[in-house]
There are 4 protein chains.
Amino acid sequence: MRVHSVSEQERIDRRRAQILEAASRVFARKGFHRTTVREVAREAGIADGTIYLYFASKQELLLALLGQVGRVGERRADFAELTGIDVRAFMDAYLRRRFAELREWRQLFAAVFPEVLADPGLRAAQAAQAAPAFEAAEVELARRIEAGQLPPLDPGLLTRVAAATVVGLLVLDVLGDPVVDARWEELPAFLAHLWFDGLGSEGR
Amino acid sequence: MRVHSVSEQERIDRRRAQILEAASRVFARKGFHRTTVREVAREAGIADGTIYLYFASKQELLLALLGQVGRVGERRADFAELTGIDVRAFMDAYLRRRFAELREWRQLFAAVFPEVLADPGLRAAQAAQAAPAFEAAEVELARRIEAGQLPPLDPGLLTRVAAATVVGLLVLDVLGDPVVDARWEELPAFLAHLWFDGLGSEGR
Amino acid sequence: MRVHSVSEQERIDRRRAQILEAASRVFARKGFHRTTVREVAREAGIADGTIYLYFASKQELLLALLGQVGRVGERRADFAELTGIDVRAFMDAYLRRRFAELREWRQLFAAVFPEVLADPGLRAAQAAQAAPAFEAAEVELARRIEAGQLPPLDPGLLTRVAAATVVGLLVLDVLGDPVVDARWEELPAFLAHLWFDGLGSEGR
Amino acid sequence: MRVHSVSEQERIDRRRAQILEAASRVFARKGFHRTTVREVAREAGIADGTIYLYFASKQELLLALLGQVGRVGERRADFAELTGIDVRAFMDAYLRRRFAELREWRQLFAAVFPEVLADPGLRAAQAAQAAPAFEAAEVELARRIEAGQLPPLDPGLLTRVAAATVVGLLVLDVLGDPVVDARWEELPAFLAHLWFDGLGSEGR
DNA sequence: TATGAATGAGGGTTCATTCAT
DNA sequence: GATGAATGAACCCTCATTCAT
């Protein structure tokens, strides 16, 4: 079994990153299936065959990108450091942080998401990847509801609705909606306001 | 100019519907690109070539399905008949109605949506199709805000957030989320509650 | 064994002629392979399937047309009636007659000839069909040479050169050469002059 | 702009020649349309897909072959070097030379010509390609007539008749006529004799 | 007899993957 | 390791032919 030296491993990682970066650009632009391996290679400035020294197949490119998406999701773990503050402030801070991140990952989403939606295998992989985050979110919400910081809404549904809203906004963004695109930074505050105060607040 | 008799046209419509139904099933299951025309034909119980008597290309199948999605969207026009009642009741009724519809169209979404997301051409087509609905929604919201029935939130953002939530829930459903799948009927009421009353209601 | 009555046979012959006429038009225009059976049917004003009541296959259409070409060739048999007159007058009369005929059959040639050239099977069929005419021409020439009416040129070569010239002019015509097309009627006299008097006549 | 090195370009040229050679063999044998790209590949000893690295389509194979035919035609320009000698000697030398060439190109003609005859687009392309040669020949003939070296025959018709004879002989050869095939070398002298001295020479 | 919708074999072409250099 | 020419399986689509009406 050949083991790579540190610098060797670094070179490999750099190459993989270079290829993945290229792949995510082209996939986001044209879609996974409409993109040829050759186009990825051209975008990365390397030869077709070189890609296969770093990834077993075109499909593996997608899986690697999906892995990167997963790593964005994991940051949800940082609930912890916001744990002490009050709910409203928490929501505000959390949304702001996530939306800033998401913007950077927009290309990655555009590259990976359509194919995840289309391919049963990837759907399963994605579900497995996201499950812990949902779990953590549900627990956190239940805790706060228990503590009387939130009204007794169903944590499962609330988690899904929150996730759906964020995902949906990313989708609208990818679809090219000009409002979402132009006013992305306003969204966290807007969401916090809507979710916390509600539309009924005025009537009262 | 060849004109089809009524029964002739009916036969054609039936065949097209039969083929589209089959296509939406297989596309939803495996994705557009992983599906061969032969598989659509098998699913429809006809020969490969027959499909080309009713659709010019595989791509045309997708466009026809996208057109059906569009026709779902158009129902948004039924704002009108709900126009007299109060905001809360309106929201409740409207969401309940849409969510019931959407469930039926889940397969259609699963078939068409990934490809819309992936293909720049379809993205544009979809955007054009959806624009009037967004327009109408914004106008309606602005009217109600004007009338003091809603707090002075930005109608553009509110429209996007609402749309994003619904789209996002559909996406989670397609991704196979068990909670969204099992509790779909609870979602309209849950959303109405969340959006109207907000999470802050308890704390007060 | 079903035997057709006379009028029945006539109807069949008319239909076959109608179809062959249409086929020769379209084949001449677009070539055999670029023409679909449907196009022949449309040109004949009948349904696709009807053609197969009168011809076993698309290929049979071609063979039937080749048969018609053959029947033009057979007229070469009318050497007989010109047999008494002197060589120069014979040549003149004969060429004039054939060129007039050929013009009428131009469409037929354009329809059939390219495919005869391209298909080994048809080449053989054509060769068999043309052989007797070559045979007859050689005999006639040999007779006249024997009789001192012609110089002692090789009858085999002379037959081929004469046939080649005529075929070649037809080919140029089909290729769209404007001179051949515009001055077709001048060709028999020109050829008779060239072949009989030769280019050296002036020098002498 | 990617530029190929000399040896690179040589490799490409060799491959293209190899493929064209194979294509001309199979097209000549079976005709363009009855030949599959796979058969060309097999004949060239390469894989199907390799052909598409060197030619954009099956049709391009034909066009490239037509281009080669064109290059044969261009040699007609060598009128010049024969220009000083007397007419009879010129005709003899010229015909001998061309017929020797033509024999080598028989396969090419058999491959390309039927399709040129059948396809309106190629007919036009061919006409354009041949036009300059006709032009040059007419001018040359007119010059010699002017100079009293030839009788005052119409140069346009004479050019067509001469071309038609040669083309026609090629056609008979392709059709498999045994006389033309066996006695090809006799033809130039025979033609020169016929055209120069004429059939009437004996009678006088 | 005539129709034309349906069939499905076949072919041109693409492109992920391999491998000799 | 890097290259990119070569491979050939797979797919969309056409169209000659069939057959129920």
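First the proteins, then the strands, lettered A, B, ... as listed; each starts at 1.
Among the atoms of the strands shown, none is found under 4.0 Å from any heavy atom of A/F55.
B/R15 is linked by a side chain to side chain contact (heavy atoms under 4.5 Å, CB included) to B/Q18, B/I46, B/T50, B/Y54, counting only residues two or more places apart in sequence or in another chain. For the side chain to side chain contact (heavy atoms under 4.5 Å, CB included) test, residues two or more places apart in sequence or in another chain that qualify with D/V26 are D/R29, D/K30, D/T35, D/E39, D/E43.
Here the CZ atom belonging to C/R42 is positioned 8.5 Å from the OG1 atom belonging to C/T36, to the nearest 0.5 angstrom.
Rounded to whole angstrom, the span from the CD1 atom of B/I12 across to the C1' atom of E/dA5 amounts to 10 Å. If you measure from atom CD1 of C/I19 to atom C1' of F/dA16, you get 15 Å, rounded to the nearest angstrom. Rounding to whole angstrom units, CZ of residue C/R42 and P of E/dT3 are separated by 11 Å. Regarding C/R15, its CZ atom lies at a distance of 8 Å from the C1' atom of E/dA2, rounded to whole Å. Computed from coordinates, the B/K30 NZ to F/dA10 P distance equals 13 Å when rounded to whole Å.
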How does each nucleotide of nucleotides 13-21 of chain E score, in 5' to 3' order, for protein heavy atoms under 4.0 Å: base (B), sugar-phosphate only (S), or none (-)? BBSSBB---
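Salt-bridge check for D/R14 with D/E10: failed, with every basic side-chain N at 4.0 Å or more from each acidic carboxylate O.
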Annotated structure of DNA chain F as dot-bracket, pair cut-off 3.5 Å, Watson-Crick or G-U only, | for inter-strand, is .||||||||||||||||||||
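A side-chain donor-acceptor contact under 3.5 Å links B/R123 to the backbone of B/L117.
The salt bridge (Lys or Arg N to Asp or Glu O under 4.0 Å) contacts involving residues 55-68 of chain B comprise nothing, where partners must be two or more places apart or lie in separate chains. Sorted by first then second residue, the ring pair (Phe, Tyr, Trp, His ring centres under 6.0 Å) pairs that include residues 16-37 of chain D, not counting sequence neighbours, are C/H33-D/H33, D/F27-D/F32.
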